[in-house]
Amino acid sequence: MSHKILFVFATLKEAKSFLSKKIRVSQGELYRINASNWILVTGISILNSILFLSLTIPKIKPSLVVNLGIAGTFSPSIYSLGSTVICKTEIWPELGIYTPAGVNRKLLKFPLWDTIDNKIDLNPTKILHKFQLNLSFPKVTSLTVSGVSGFEKQAQTLKKAFQADIENMEGFALAYACYILKVPFLEIRTISNVVGVKDKKFWDIAKALSSLAKLKEYFL
């Protein structure tokens, strides 16, 4: 029996790049690749991600959810523009109480969920083995934010506080939905920019999208 995989993208451009062809699909709707594989485009942000994925999972009951998309790097000397990484951990750094020193999670006493707080261990090695996926990209710690880091000081603060490697806007929400709904989850990102740097010479979205296209051979 073949596995049913749901590929989740924040944007249609990312989905098109992965398939290397033009497709038409509205936000929150499904695009069927073949009998076993589907695409969902959620739109950016935590809200869109968790809403549309939570609505979609019961409809098609996927064996595996794979989040593919671009992300920023905190360490360009290690994870360069266009490189591909697998997320081993997702962290939501904005959960807590804002203080002069930044967000303090411990000051907010309310739990997020029974066994999950602002950090989710994704266990990609286990997922890759279970679904026989031969992917050997570096495994990284990812931050999911609602407001991307727009200046270098913010980027360095987050990197230091959470030992983070990359930054994105959807991963934690998607992983959280899969955790609650008991669906295996895998997150793979390609690097499009240096976090906190506006200078366009530190951005290469085209190269990141090209790297997304190369991932197709591992799945389809």
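By convention here, the first residue in the shown sequence is residue 1.
Trp113 and Tyr176 have perpendicular rings, their planes meeting at more than 60° on a 0 to 90° scale where under 30° would count as parallel.
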Show your working on ring pair (Phe, Tyr, Trp, His ring centres under 6.0 Å) between Phe219 and Phe7 and close with a plain yes or no.
CA-CA 10 Å; Phe219 295 99; Phe7 297 97; 5.3 Å; yes
Show, in sequence, the C-alpha distance, side-chain angles and deciding distance for Asp121 and Lys88, and conclude whether the salt bridge (Lys or Arg N to Asp or Glu O under 4.0 Å) test is met.
CA-CA 6 Å; Asp121 292 321; Lys88 64 180 179 180; over 6 Å; no
For a side chain to side chain donor-acceptor pair (under 3.5 Å) check, start with the C-alpha distance between Gln154 and Thr157, then their side-chain angles and the critical distance, and finish with the verdict.
CA-CA 5 Å; Gln154 170 70 0; Thr157 297; 5.1 Å; no
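The distance from atom CG of Leu19 to atom CD1 of Ile33, rounded to the nearest 0.5 Å, is 5.0 Å. Distance check: Thr11 OG1 to Gln27 CD gives 10.5 Å after rounding to the nearest 0.5 Å.
The minimum heavy-atom distance linking Ile70 with Glu14 is given by the pair N-OE2, 2.9 Å.
Without hydrogens or angle criteria, Asn123 side chain to Lys126 main chain gives no donor-acceptor distance under 3.5 Å. Not a single donor-acceptor pair under 3.5 Å links the side chain of Thr190 to the backbone N or O of Gly82. Panel note: side chain Ser192, backbone Ile205; no donor-acceptor pair is recorded below 3.5 Å.
Within 6.0 Å of CD in Gln132 there are 12 or fewer heavy atoms belonging to other residues, nucleotides or ligands. Residue Leu51 qualifies as enclosed at atom CG: its count of foreign heavy atoms under 6.0 Å is above 12. Within 6.0 Å of CD in Glu152 there are 12 or fewer heavy atoms belonging to other residues, nucleotides or ligands. Surrounding NZ of Lys59 are at most 12 heavy atoms belonging to other residues, nucleotides or ligands under 6.0 Å away. The number of heavy-atom neighbours closer than 6.0 Å to NZ of Lys139, taken from other residues, nucleotides and ligands shown, is above 12.
In this model, a donor atom of one side chain and an acceptor atom of the other lie less than 3.5 Å apart for Ser149 and Glu167. Using modelled atom types and a 3.5 Å distance limit, the side chains of Asn48 and Thr42 yield no donor-acceptor pair. Looking only at atom types and distance, the side chain of Asn168 has a donor-acceptor partner in the side chain of Glu90 under 3.5 Å away.
With sequence neighbours excluded, no residue forms a ring pair (Phe, Tyr, Trp, His ring centres under 6.0 Å) with Tyr179.
Leu30 and Ile5 are not part of a single hydrophobic cluster, where members link through side-chain heavy atoms under 4.5 Å apart.
Considering Val194, Leu81, Val195 as possible partners of Pro76, the one that fulfils the side-chain contact (heavy atoms from CB on, under 4.5 Å) test is Val194. Of the residues Phe185, Phe162, Trp92, the one that meets the ring pair (Phe, Tyr, Trp, His ring centres under 6.0 Å) test with Phe172 is Trp92.
Applying the salt bridge (Lys or Arg N to Asp or Glu O under 4.0 Å) test to every pair with at least one member in residues 168-187, sequence neighbours left out, gives these pairs: Glu170-Arg189, Glu187-Arg189.
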